[in-house]
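Structure first, then comments.
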Amino acid sequence: MLDIKRIREKFDEVAEGLQRRGMNLDLLEQARDLDIKRRTLVTETDALKMERNSRSKEIGALKKSGQDTTEVQASVRAMGEQIASKDVELREAEEALQTAMLSIPNVPCKTIPTGLDESANREVCKVGTPPEFDFEPKDHIEIGEDLSLFDLARAVKITGSAFPLMLGKGAKLQRALIQYMLDMHTTKHGYTEMLPPFIVNTDSMRGTGQLPKMAEDMYHCDVDDFWLIPTAEVPVTNYFRNEIMDRPLPVYLTAYTPCFRREAGSAGKDTRGILRVHQFDKVEMVKFVEPETSYDELELLVKDAEDVLNGLGLHYRILELCSGDISFAAAKCYDIELWAPGHNGWLEVSSCSNFEDFQARRLNCRYKDADGKKQFVHTLNGSGVALPRLVIAILEQCQQADGSVLIPEALRPYMQGMEKLEA
RNA sequence: GGAGAGGUGACCGAGUGGCCGAAGGUGUAGCAUUGGAAAUGCUAUGUACCCCCUGGGUACCGAGGGUUCGAAUCCCUCCCUCUCCGCCA
């Protein structure tokens, strides 16, 4: 959520930022007008309430001295009715303002490229070298079937399409990767491991910005009004919701969770294999930092995600997303994409974002600065990294002419020394 | 799921209709005392919002409703915590 004062005082600046996202300004103007309406109403009701409070006190005093108060009481009662109706008006204005505010995205960082879609994203760098093959590289589906790493056909029977079922060495590989990443983040990068709930309430979803916009993309438990998490970002970032943080910043947390996404509106896209699925595993990194440091912390966050890929010897590239391609809550975002030779394309496996104080305002998460003043923290998160696509990239980048897959050395300790995935 | 108890400021805890934004204590900060410190004493110490902003006002005692001239206090609904019972990986 943006600061309403910022909209009040620097309207043009905010408007310019939102236009860079390709957003029209209706909501923003609505918020500005509702804010004025709200303040007018507050002033009016506060004056009325002041009057009522003092009159009520007088009644108390009169009663004590034994005087008749029926007449005064009647007049104050009328006043109460007036207050009640003004209060309704005020609450409607407040709710409308809140609704508008919750649907206004973050203002993009000034330095990121301007553009409306991914074509304006800037490639920051390519790391490593693409593997060269003296044979036609297979895609992950063929490899997975040849080596019996998953069984997608039966998963359809169990649940439905796009729910992955990893099997045997495939399941083990995935589990090894989770261990490998968590171990790296906790021992080398200074993160504290968390294993949070995979189901959260509506307040949490609103806190990190998934609601109200993304409701259609998430799984909802109607009876309990709970949501299946689309990313560990939600439970982990909400850890400090409604708190003044009781520990020194920065705070680094990492968590493995499954992620559930309905992927509404993407029917038919990438439906084969495990490229785009309704349930996937991910190791996530979340940071709570002081405002002055958040952009430096973002660079470090990307390095932590890169470290995972470098350790596996994979070829990847980093993109700086343009103003129209960053997520709702982000001010700046880097994507990391792995090379998938079988698909002859890049696969997004990580998204590292600085939300500045946008999430913290929704979360009401603050800290005490050096002067003891309470301020909103800055939050960041990044995938470290997302799983099925990491598996795809390993299968496709490490495949051998004989049909086997060479397991990256860093992973072998997690697989009882296994060196190859073979049929 | 059933029965009971409870949710008050950073924390503990008093408060059952007006004198309560809330006693007392702890903690924290400042001052005094001291060679310095401990101990002691004094003082200060919630948040958000609004306005004609050196000041004034409103709201907040788990959340939301209701009763009343007036609610932390009475009534209703919900949420959460604890104890016991039941069920259960």
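Note that the structure is predicted; figures quoted are calculated from it, not measured. A note on names: the letters A, B, ... follow the listed sequences, proteins ahead of strands, and every chain is numbered from 1.
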Quantified in whole Å, what is the P atom distance between nucleotide B:G24 and nucleotide B:C76? 33 Å
Protein-nucleotide distance (A:Asp87, atom CG; B:G64, atom P), rounded to Å: 13 Å
Just how far, in rounded Å, is P of B:C80 from CZ of A:Arg241? 13 Å
With distance as the sole test, does A:Glu16 use its side chain to make a donor-acceptor pair with the main-chain N or O of A:Glu13 at under 3.5 Å? no
Integer angstrom distance from the P of B:A72 to that of B:C60: 6 Å
Can a donor-acceptor pair be found, under 3.5 Å and without considering hydrogens, that links the side chain of A:His185 to the backbone of A:Met285? no
Treating primed atoms plus P, OP1 and OP2 as sugar-phosphate and everything else as base, which nucleotides of nucleotides 45-50 of chain B get B, S or - for protein heavy atoms under 4.0 Å? -SSSSS
Hey, which sits more toward the 5' end of RNA chain B by its nearest nucleotide, A:Ile244 or A:Lys63? A:Ile244
Search all heavy atoms of A:Cys322 against all heavy atoms of A:Ile112 and return the closest pair with its distance. C-CD1, 4.0 Å
A:Lys49 side chain: which of B:G70, B:U58, B:C19 is closest? B:U58
Roughly how far apart, to the nearest Å, are B:A39 and B:U47 at atom C1'? 35 Å
Distance check, P atoms only: B:U68 and B:C75, in whole angstrom units. 16 Å
Can the ring centres of A:Tyr367 and A:Phe240 be said to be less than 6.0 Å apart? no
When you measure from the side-chain N and O atoms of A:Arg91 to the phosphate of B:G65, is any distance below 4.0 Å, counting only OP1 and OP2? yes
Within less than 4.0 Å of OP1 or OP2 of B:U58, is there a side-chain N or O belonging to A:Asn53? yes
Please report the distance, rounded to the nearest Å, between CD1 in A:Ile59 and C1' in B:G17. 14 Å
Which label fits A:Tyr219 and A:Phe163: parallel for a plane angle under 30°, tilted from 30 to 60°, or perpendicular past 60°? tilted
Would you say the side chain of A:Val377 lies within less than 4.5 Å of the side chain of A:Leu363, judging by non-hydrogen atoms? no
Nucleotide B:A63, atom C1' - distance to CG of A:Asp225 in whole Å: 15 Å
Does anything in residues 194-204 of chain A reach RNA chain B, meaning a heavy atom under 4.0 Å, and if so which residues? none
Report the residues that fulfil side-chain contact (heavy atoms from CB on, under 4.5 Å) with A:Pro258, sequence neighbours left out, ordered by chain and then residue number. A:Phe198, A:Tyr256, A:Phe260, A:Asp281
Separation of B:C69 C1' from A:Asp68 CG (nearest whole Å): 13 Å
Extract the stems that RNA chain B is part of, considering only consecutive pairing runs of at least three Watson-Crick or G-U wobble pairs, both distances under 3.5 Å. B:1-7 with B:79-85, B:10-12 with B:24-26, B:27-32 with B:40-45, B:46-51 with B:55-60, B:62-66 with B:74-78
Quick one: side-chain contact (heavy atoms from CB on, under 4.5 Å) partners of A:Asp146, sequence neighbours excluded? A:Lys138, A:Glu142
If I pick the C1' atom on B:A37 and the same atom on B:C20, what distance separates them, to the nearest angstrom? 40 Å
Using the P atoms only, state how far B:A23 lies from B:U45, rounded to an integer number of Å. 12 Å
Donor-acceptor check, side chain of A:Ser56 to backbone of A:Asn53, threshold 3.5 angstrom: yes or no? no
Nearest-Å distance, CD (A:Glu58) to C1' (B:C69)? 11 Å
Where do A:Leu319 and A:Val124 come nearest, in terms of heavy atoms and distance? C-CG2, 4.1 Å
Rounded to whole angstrom, note down the P distance from B:C82 over to B:G30. 38 Å
Whole angstrom is fine here: how far is it from NZ in A:Lys57 over to C1' in B:G18? 8 Å
Sidechain N-carboxylate O distance under 4.0 Å for A:Asp203, A:Arg206: yes
Whole angstrom is fine here: how far is it from CE in A:Met50 over to P in B:G57? 7 Å
Using atom P in both nucleotides, what's the gap between B:G64 and B:G57 to the nearest angstrom? 25 Å
Worked verdict on A:Phe150 versus A:Gln174 for side chain to side chain contact (heavy atoms under 4.5 Å, CB included): CA-CA 11 Å; A:Phe150 39 74; A:Gln174 184 135 324; over 6 Å; no
Starting at the 5' end of RNA chain B and moving along, which residue's nearest nucleotide shows up first, A:Ala47 or A:Gly60? A:Gly60
Salt bridge (Lys or Arg N to Asp or Glu O under 4.0 Å): pairs with one or both residues in residues 284-309 of chain A, sequence neighbours excluded: A:Lys188-A:Asp307, A:Lys282-A:Glu284, A:Lys287-A:Glu297, A:Lys303-A:Glu306
Taking OP1 and OP2 of B:C69, is either one under 4.0 Å from a side-chain nitrogen or oxygen of A:Arg55? no
